[in-house]
Amino acid sequence: AGIERFQTPPEHGFMIDLLENSRLRIQQRLDQMKTAEERNRLGQFATPTQLALELLECAKAVVPPRMPIRFLDPALGTGSFWSALLRVFPNHRIKSGLGYELDFHFGRHAKELWESSGLDVQIADFTRATPPEPDERPNLIVCNPPYVRHHHLHAEEKMRLIRRSNASAGVLLSGLSGLYVHFMCIAHEWMATSGYGFWLIPSEFMDVNYGRELKRYLLDRVSLLRIHRFDPCDLQFSDALVSSAVVIIRNRPPDRDHQVEFTYGGSLVAPTMRRHVLAQHLRSEAKWTRFPSAEGRVGQPTRLRLGDLFAIKRGLATGANDFF
């Protein structure tokens, strides 16, 4: 009902512009209240407005044009993706909006900003929330989940997240997995059948060992539509020294000959490189950052590699680093 206040397109745009300007001021003020170390520990890195708009423009191009939107952001922050949704999608298509935010200060301001536009803001831990009934589940999940490294999670919390991720997505995650991996897996049981997920996450999952189970989920449980990897020299977050990727999925089993689109560099809407790779070829690829610059390998490599002949391990610290 709250969305109905924005019925006239000029008024709609004007109101969203005002709210977005207010959101940016609030975001800046809240960020300044915490040190960089505190925000790093909590994984709080705000999504830039332009990037949020590009992501929602991409969503509009991917989802069916007549699909009514039931929106969810499991890590709402101040509401950058909801703001972008209101700008990109016509009013009549937005049927509901739900956002979770654990941080009370962010959640309180998001509630004040966006409740009148139809967004239900829950100041709570998404990973502990109960999913809605199947016919009420969101069909568009857009999220920049908290980038909290595993060593900032207590052992009991890790075990709880591992159990919850396994129950939701059917994968057994490593204890080295960051919180963002758990967010993606736990959100699986929230997503409507044939619904879409757009995840803005660190690109490291594509190569590291703890990313294996997440990649298995992306290949087996859902249809992985696209991965866009930003150029590492073009950090999307000025205060986070990580390279980012956008992962786009649809909640239905993949077809036998399903292909995944890999894009790289430039922007989400205008990448500099593009390649389609058969999903079955990705199963034997340990490092996905080879794409889109390389083709998928078919069968076994014809040349010997060092790993075929030797057990290769990292060097160990000796305690005499100054000498060496």
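The structure displayed is predicted, hence computed values, not measured ones.
- Looking at Asp135 and Arg70, no side-chain N of the basic residue comes within less than 4.0 Å of a carboxylate O on the acidic one, giving no salt bridge.
- When the salt bridge (charged side-chain N to carboxylate O under 4.0 Å, His left out) test is applied to Lys111, the partners found at least two apart in sequence or on another chain are Glu115.
- Identified under the ring-ring contact (aromatic ring centres under 6.0 Å, His included) test for residues 187-224, with sequence neighbours left out: Tyr100-Trp190, Phe126-Trp190, His188-Tyr217.
- Scored by the salt bridge (charged side-chain N to carboxylate O under 4.0 Å, His left out) test, Arg163 finds no partners at all (sequence neighbours excluded).
- Side-chain contact of Ser80 with Arg23: a donor-acceptor pair under 3.5 Å is absent, judged by distance alone.
- Remark: Thr193 engages no residue in a side chain to side chain contact (heavy atoms under 4.5 Å, CB included) (not counting sequence neighbours).
- Qualifying ring pair (Phe, Tyr, Trp, His ring centres under 6.0 Å) partners for His228, counting only residues two or more places apart in sequence or in other chains: Phe230.
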Checking salt bridge (charged side-chain N to carboxylate O under 4.0 Å, His left out) for the pair Glu157/Arg160: CA distance, chi angles, key distance, verdict?
-> CA-CA 5 Å; Glu157 180 69 354; Arg160 183 188 70 82; 2.9 Å; yes
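- Put simply, the side chain of Lys215 gets close to the backbone of Met206: a donor and an acceptor are under 3.5 Å apart.
- With respect to the salt-bridge test (charged N to carboxylate O, under 4.0 angstrom), the residues Arg108 and Glu112 qualify.
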For Leu85 and Leu140, run side-chain contact (heavy atoms from CB on, under 4.5 Å): C-alpha distance rounded to whole Å, both residues' side-chain angles, the deciding distance at 0.1 Å, then the answer.
-> CA-CA 10 Å; Leu85 179 85; Leu140 179 59; 4.0 Å; yes
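- In this structure, Glu189 pairs ionically with Arg164, as a charged nitrogen and a carboxylate oxygen lie closer than 4.0 Å.
- Grouped with Leu24 in a hydrophobic cluster is no other residue, since no side-chain heavy-atom contact under 4.5 Å to another Ile, Leu, Val, Met, Phe, Trp or Tyr is found.
- The main-chain N or O of Asp17 is found under 3.5 Å from a side-chain atom of Asn21 such that the two form a donor-acceptor pair.
- Tyr264 is listed as a side-chain neighbour of Asp231, based on a closest heavy-atom distance under 4.5 Å.
- Here the side chain of Gln122 pairs no donor or acceptor atom with the backbone of Ala124 at under 3.5 angstrom.
- Not a single donor-acceptor pair under 3.5 Å links the side chain of Trp114 to the backbone N or O of Leu19.
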